[in-house]
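The structure under discussion appears below in the form of structure tokens.
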Amino acid sequence: MSRSLRLEESSWHYGAKSKADLIAKLSIVEEEADETLYWLELVIESGLMTAEKLKSLMQEANEILAMSVASIKTLREKYKS
């Protein structure tokens, strides 16, 4: 399967109409994951929950953030060509 076909399929899955639209949608994911991490850190700092209890949730949010950033970077590089 070609890369462009995979991009078209992933665009369809995310409801994106174009590469630029997909980048915009992934940027929202990036912002939301980053904000989630902020609030989780605030919960820990306030003493409402321990870092140990939120460890897996924070790890998952970090993974989502990393995947969205990497996807945006890849799409932007491909969008230039």
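Nothing fancy with the numbering, it's 1 onward along the sequence.
The heavy-atom pair separating A33 from A61 by the smallest distance is CB-O, 4.0 Å. Closest approach of S27 and R76 over heavy atoms only: OG-NH2, 4.3 Å. Nearest approach of K78 to K19, heavy atoms of both residues: O-NZ, 4.2 Å.
Hydrophobic clustering, with ILVMFWY side chains joined whenever heavy atoms are under 4.5 angstrom apart, keeps M67 apart from I72. The hydrophobic clustering, which links ILVMFWY residues whose side-chain heavy atoms are closer than 4.5 Å, places L65 and L54 together.
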Are T50 and I44 close enough, and set up right, to give a side chain to side chain contact (heavy atoms under 4.5 Å, CB included), and what steps lead you there?
CA-CA 6 Å; T50 65; I44 292 167; over 6 Å; no
What verdict does the side chain to side chain contact (heavy atoms under 4.5 Å, CB included) test give for E60 and I64, after you've listed the backbone C-alpha separation in whole Å, the side-chain angles of each residue and the deciding distance to 0.1 Å?
CA-CA 6 Å; E60 186 139 355; I64 291 168; 4.2 Å; yes
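Going from atom CD1 of I28 over to atom CD1 of I23 covers 12.5 Å, rounded to the nearest 0.5 Å. Atom OG of S71 sits about 15.0 Å away from atom NZ of K25, to the nearest 0.5 Å.
Among the candidates L57, L37, D34, the single residue satisfying the side-chain contact (heavy atoms from CB on, under 4.5 Å) test with N62 is L37.
Scored by the side-chain contact (heavy atoms from CB on, under 4.5 Å) test, Q59 finds E63 as partners (sequence neighbours excluded).
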